Amino acid sequence: MSSRKSEPDILDSRGPSDTRGAPASRDGADTLRTAAPAPASSGWADTLKANAPLPLAVLGVALLMPLVDSRWFGAYNARIVMLVGINIVLAVSLQLINGFSGQFSLGHAGFMMVGAYLAAYPAREISNRMTDPASTLWFYLSLAFVSAVTAAVVLGIFLLVRQSRRLHEAVPTLLLVAMAVWVVADLSQGSRHENPPAVFVWSKGIVAVQRAFAWLMEHGGPAAVNISAALPAAARAPVTFVILILGAGTFAAATGLIVGLPALRLRGDYLAIATLGLAEIIRILIQNSQPLGGALGITGIPKYTNFAWLYGAAIITTAVVWRIAYSAKGRAIMAVREDEVAAAACGIDTTHHKVLAFVTGAFFGGVAGALFALYERSITPGYFSIAKSIEIVVMVTLGGLGSISGAILAAILLTLLPELLRPIAEYRMIIYSLLLVFMMLLRPQGLLGGRELWPRRRGPRPRAAATQDRDDLETAVVS
Amino acid sequence: MSDAAPAKTAAGGKLLVIDRVSRNFGGLAAVTDFSLQLDPGELVGLIGPNGAGKTTCFNLITGVYCPSAGEIRMAGRRIDGLPPVKINHAGIARTFQNIRLFQNLTVLDNVLVGFNRSAEHGLVRTILRTPKFSRERGAAENRGMDLLRTLRLDEKAALVAKNLPYGDQRRLEIARALATAPKILLLDEPAAGMNPQEKAELMELIRFIRDRFGVGILLIEHDMKLVMSVCERITVLDHGETIAVGTPQEVQCNPDVIEAYLGEPVA
Amino acid sequence: MQYFLQQFINGLSVGSIYALIAVGYTMVYGVLQLINFAHGDIFMVGAVVALVAARMFGFVTPGHTTESWMAFSLIAFTSILVCGAMGFTIERFAYRPLRDRPRINSLITAIGISLLLEFGGQHRAVFGPTPQPFPVGMVPGIRQPLFSYGDIYVSRVDALILGVTVLLMVGLSYVVLKTKPGLALRAVSYRFDTAALMGVNIDRTISFTFVLGSVLAAIAGVLFAIKYPKVEPLMGLLPGIKAFIAAVFGGIGNIGGAVAGAMIIGLVEVMVVGYVENGSQYRDAIAFVLLIAILLIKPSGLFGKHVVEKV
């Protein structure tokens with residue numbers, strides 16, 4: 001090792017030459033901007049390495065299925081295994097929002113609920129017992145179109161109100177107050193007036209939306225049925241299933257967008273309460289909606305989720321979240337979590353990355369809900385309560401914020417735990433809550449402390465070269 | 001206000017032109033009529049007593065605050081009023097008075113964050129891990145290590161930022177700022193909390209960065225020795241107003257500057 | 001008009017109970033930046049302990065209910081004692097060790113304690129899951145109206161609630177504004193570290209805050225049980241959440257704001273139920289809607305100060 005000179009020589013003023021042999025340029029700024037030459041190995045090898053395990057894993061899952069479904073394993077245990085799978089998807093998806101993005105969301109059950117209902121309803125009403133994929137797809141497309149138009153109108157009004165702020169700061173607030181008073185005044189006289197204006201606008205608006213949707217379904221319906229009939233019989237059910245899951249997930253993602261955008265301005269606890277509130281509002285809205293079954297929920301949903309589908313979805317969820325988290329995108333998301341101001345100063349679009357985490361997490365939350373609905377055969381609004389959201393948050397935190405394997409581990413443990421405690425059923429929940437308290441007191445960083453079980457491909461690549469350059473630098477300094 | 005305005009005026013301005021910028025907070029005039037021009041390769045200092053408005057100026061340049069009056073132009077294009085993200089894209093990077101590193105990320109990750117926008121990784125590419133993704137990732141890591149090597153932080157690349165000693169943290173923040181490939185670098189009190197040895201090394205570092213990377217550096221500092229020996233030009237603020245502009249020698253002898261710092265007129 | 005006044009008084013009464021709980025939330029958040037999820041359950045414990053005490057002291061037997069101010073004060077006092085002690089213990093053993101840790105840990109612990117209280121209460125050895133009636137009759141003359149004027153009927157229940165709340169609010173303002181512990185509370189709310197440097201005993205102040213909040217919650221529990229005499233281990237859930245929303249609505253950390261927020265929520269709730277068709281179905285959603293509204297329009301709350309992060 002070379003000796004250091006006594007005077008400060010933190011850097012050789014000549015600077016180390018560019019390691020690839022290119023001359024140190026006079027216009028030094030270029031050194032910052034030129035991309036270093038690509039590493040020796042071709043990118044395709046990496047892609048193969050990354051993607052190959054996936055089909056193998058799914059195959060492995062498919063092979064395990066007969067075991068799980070067997071009489072020996074038992075229907076009871078099979079059900080637990082299925083619940084574990086659902087919770088894995090929920091926990092991993094929430095980890096992206098709460099752990100990697102640092103946005104404390106207490107409303108994940110809301111996304112699950114949207115996914116569940118938007119899979120259950122078409123599955124039962126439209127898909128004709130899972131034999132009509134085209135109609136199901138048409139359902140989602142019609143719904144998407146109608147929602148987009150409605151959203152555009154509402155957004156337009158919102159922006160108009162915002163624009164009026166140019167006139168005076170107080171105008172939007174005054175408008176909102178005036179509107180609220182108008183609505184309440186009208187509602188209070190509801191029994192006396194035939195058609196009070198506010199109710200008129202509101203109900204006509206809803207009727208228009210419903211009519212548009214019905215029109216679309218009517219006119220696309222027959223064509224869709226024909227398309228479905230043209231498909232091979234064996235393919236119809238799986239295709240319908242995939243459409244249901246993806247469609248439900250997409251709408252949950254859209255809900256995530258609606259929740260995520262206003263949530264941007266909120267920090268920490270405020271965000272938690274806002275997400276909790278929004279999830280509750282969604283729940284109460286669905287609970288009071290007759291077409292969606294009201295307080296009794298939807299029953300008679302065709303059952304299609306099995307071990308293979310569920311764990312296949314779990315594998316895909318884990319893979320996607322992993323890949324987003326441990327990449328440049330994930331690094332940016334984590335940077336925004338660490339210090340939003342600094343991240344913005346480094347050129348990172350904080351809005352984009354926060355919303356990305358929210359929407360992706362919401363998508364997979366919806367997928368979990370859809371898988372759940374198509375397994376349970378019936379869903380009620382009461383299931384997707386604050387308690388459910390808290391359950392998922394506990395899983396994510398217990399596993400360690402920022403650890404995907406931790407979330408999976410915690411999901412498995414916390415689903416199994418109540419079952420293991422069944423013999424002492426009456427003390428079950430008490431022990432569960434004591435466990436929470438003691439976990440937090442004794443190991444607050446969670447089971448895995450934010451680390452992963454299996455190593456991420458981390459560490460600077462050209463290790464050997466680094467040592468070489470260092471030696472060059474030392475000799476340059478000494479000489 | 002004394003002394004000549006900078007050589008080039010608005011017409012044939014330098015890369016970064018701050019043109020009579022003011023900022024009021026309610027009734028308080030934090031900054032009044034601040035003007036400054038900076039080209040890549042120049043080393044300019046911004047000094048003044050505490051509360052003079054120096055960091056406010058930085059915040060105005062980097063988009064944290066919007067100017068109440070005046071313009072800021074980068075290569076002729078107006079950048080005042082843009083959010084910090086866009087300002088960074090325009091080529092201005094900064095460090096912060098209280099170090100704002102990404103505490104729980106590694107040293108290398110902190111720097112790689114700075115490369116984020118120059119290699120726009122698409123979401124689909126990220127999920128599918130296409131060859132392009134792997135190439136971009138490898139290239140980014142190489143660049144990151146190069147940068148760390150240049151700033152003598154490469155051996156600590158895998159350490160978590162919050163575990164670094166103070167001096168290293170400051171250097172890392174500068175490295176991260178450099179990773180965004182800026183043409184202009186704003187350093188906010190980089191020598192705060194350093195002992196004389198570290199300050200001397202910092203002086204070397206600042207000059208080295210200017211020579212190696214060719215960035216224009218605007219420096220807020222309280223350590224007069226450092227400022228006077230490193231900077232080519234100095235602007236002095238007091239209560240938001242510019243009271244002197246000039247070379248270190250000129251500023252040192254300026255009676256208004258002395259009064260602002262010592263509080264009484266020199267005979 | 002008379003109907004309106006009736007609902008107005010009713011709303012004030014509901015709001016008062018929310019206010020007593022909300023104040024506890026806001027004080028704890030002010031000093032610790034912690035949402036004490038277990039606070040709503042302390043409210044429940046207040047009602048439960050009063051009921052159990054009434055039975056234990058023999059004031060309530062299958063055949064007879066003692067009607068006396070003394071007896072009632074005794075069980076109320078017992079409830080206050082137990083809840084105050086409980087608040088102190090929870091803070092001391094579950095929150096204090098986590099003070100230096102990220103806040104999410106304390107939040108999860110709070111959730112754990114809340115679940116513990118709820119499910120512990122549901123165990124048959126403690127209370128059991130079925131609701132039990134509160135001995136409202138212990139309060140003398142409670143069932144008679146205070147006065148009635150035409151169609152307006154002001155019950156003694158509401159009068160009691162409003163009166164007690166006003167007294168307590170006056171007392172609380174005095175404590176917070178004019179006494180040394182109150183000053184310490186405000187100092188710690190404002191600036192944790194500096195208060196410690198100034199010689200304020202942080203641990204004691206925080207304990208004091210918790211005890212104060214728990215005492216108010218206990219009284220709220222007893223009052224609530226008089227108005228809606230169904231006592232059960234989960235009764236704290238909804239009022240707790242609504243009280244917290246009230247605290248956020250009024251500006252979290254601001255005691256006056258919490259009271260104002262609680263009154264507003266109570267009034268709006270009752271008005272909607274009273275005036276809108278099918279209003280009672282949406283009763284619980286109202287608090288959440290108000291929450292979202294305030295978070296969108298003014299996240300720091302009605303009376304909260306918008307804290308700007310210094311860069």
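Note that this is a predicted model, so its numbers are computed, not measured. Chain A is the first sequence line, chain B the second, and so forth, proteins listed ahead of strands; every chain is numbered from 1.
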> Quick one: CG on N110(B) to CZ on R331(A), what's the gap to the nearest 0.5 Å?
Replying inline: 10.0 Å
> Can you list the steps and then say if I348(A) with V85(B) is a side-chain contact (heavy atoms from CB on, under 4.5 Å)?
Replying inline: CA-CA 6 Å; I348(A) 293 183; V85(B) 185; over 6 Å; no
>> Do D339(A) and L101(B) make a side-chain contact, defined as non-hydrogen atoms from C-beta onward lying under 4.5 Å apart?
In response: no
>> If we define contacts as heavy-atom pairs under 4.5 Å, which of T350(A), V320(A), I324(A) has the most with chain B?
In response: I324(A)
> Quick one: are R137(B) and S327(A) in side-chain contact, heavy atoms under 4.5 Å?
Replying inline: no
> Which heavy atom in F102(B) sits nearest to a heavy atom in A342(A), and how many Å separate them?
Replying inline: CE2-CB, 4.0 Å
> Can you say whether A343(A) sits under 4.5 Å from chain B via the side chain, the backbone, both, or neither, judging by heavy atoms?
Replying inline: both
>> So, taking the atom named CG in L112(B) and the one named SG in C346(A), what distance separates them when rounded to the nearest 0.5 Å?
In response: 11.5 Å
> What's the shortest heavy-atom distance between E338(A) and N104(B), and which atoms?
Replying inline: OE1-N, 3.0 Å
